[in-house]
Amino acid sequence: MRLRQIDVLIVDPFVSSHRVNEMDNGKIDLVAKELVRIAEECNCAIELVHHTRKLNGVEATSDASRGASSLTAAARSARVLQRISPEELEKAGVAQDGSTYFSVKRDKPTRPRMHRFFYCLQQQFTLHHEV
């Protein structure tokens, strides 16, 4: 990572990056600590993409993440991405297209003055670059 000057590592999905039981707080904590070590050694940010347990229509929070709570506890910050309800779309004054818009909630902010909630529009585009 240092050789290629990688500033950000995104692990998606987190569960595929290790072989420990995702319900074991002690083992997940060790995985989290290893990721912190890598981030510090390589001077980079690491973002983990993690899923919630089945919520049956309840609003998602970082506390609803699958598996051991030690992962969220070890995180410096957490964001929750979620589809926007028709009511929220109407309130925001955007088109009734729940598959195009989503919300981002900073569920565990490290900077208290930052916006905690915002809407996003999903758009597709092609990047042209050389590796």
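These numbers come from the heavy atoms of this one structure, side chains and all, not from hydrogens, waters or symmetry mates.
For the pair N25 (side chain) and S70 (backbone), a donor-acceptor distance under 3.5 Å is present. No donor-acceptor distance shorter than 3.5 angstrom exists from the side chain of R2 to the backbone of N43, with no hydrogens or angles considered. Checking side-chain atoms of D29 against main-chain N and O of A74 turns up no donor-acceptor pair under 3.5 Å.
Following chains of ILVMFWY side-chain contacts shorter than 4.5 Å, one cannot reach L81 starting from V49, and the two form parts of different hydrophobic clusters. Under the 4.5 Å side-chain heavy-atom criterion for Ile, Leu, Val, Met, Phe, Trp and Tyr, V104 and L55 are members of distinct hydrophobic clusters. Note on V15 and V11: separate hydrophobic clusters, where clusters join Ile, Leu, Val, Met, Phe, Trp and Tyr whose side-chain heavy atoms are under 4.5 Å apart, directly or indirectly.
If you run side chain to side chain contact (heavy atoms under 4.5 Å, CB included) between V31 and each of L48, V36, D24, V20, only V20 comes through.
T72 and S62 form no side-chain donor-acceptor contact under 3.5 Å, judged by distance and modelled atom types alone.
Closest heavy-atom contact between E88 and R83: OE1-O, 4.5 Å. Nearest approach of F14 to I28, heavy atoms of both residues: CE2-CD1, 4.2 Å.
Within 6.0 Å of CD in Q5 there are 12 or fewer heavy atoms belonging to other residues, nucleotides or ligands.
Taking CE of M1 as the start and CD1 of I46 as the end, the distance is 5.5 Å to the nearest 0.5 Å. Atoms OG1 and CD, from T52 and E59 in turn, are 11.5 Å apart once rounded to the nearest 0.5 Å. One finds the SG atom of C42 at 13.0 Å from the CZ atom of R4 (value rounded to the nearest 0.5 Å). To the nearest 0.5 angstrom, L35 atom CG is 12.0 Å from K33 atom NZ. In this structure, R66 CZ and R53 CZ are separated by 11.5 Å, a value rounded to the nearest 0.5 Å. K105 contributes atom NZ, which lies 6.5 Å from atom OG1 of T61 (distance to the nearest 0.5 angstrom).
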Verdict with reasoning, E22 to H50, per side-chain contact (heavy atoms from CB on, under 4.5 Å): CA-CA 11 Å; E22 74 175 342; H50 193 49; 4.0 Å; yes
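A salt bridge links E34 and R37; the closest N-O separation between the charged side-chain nitrogens and carboxylate oxygens is under 4.0 Å.
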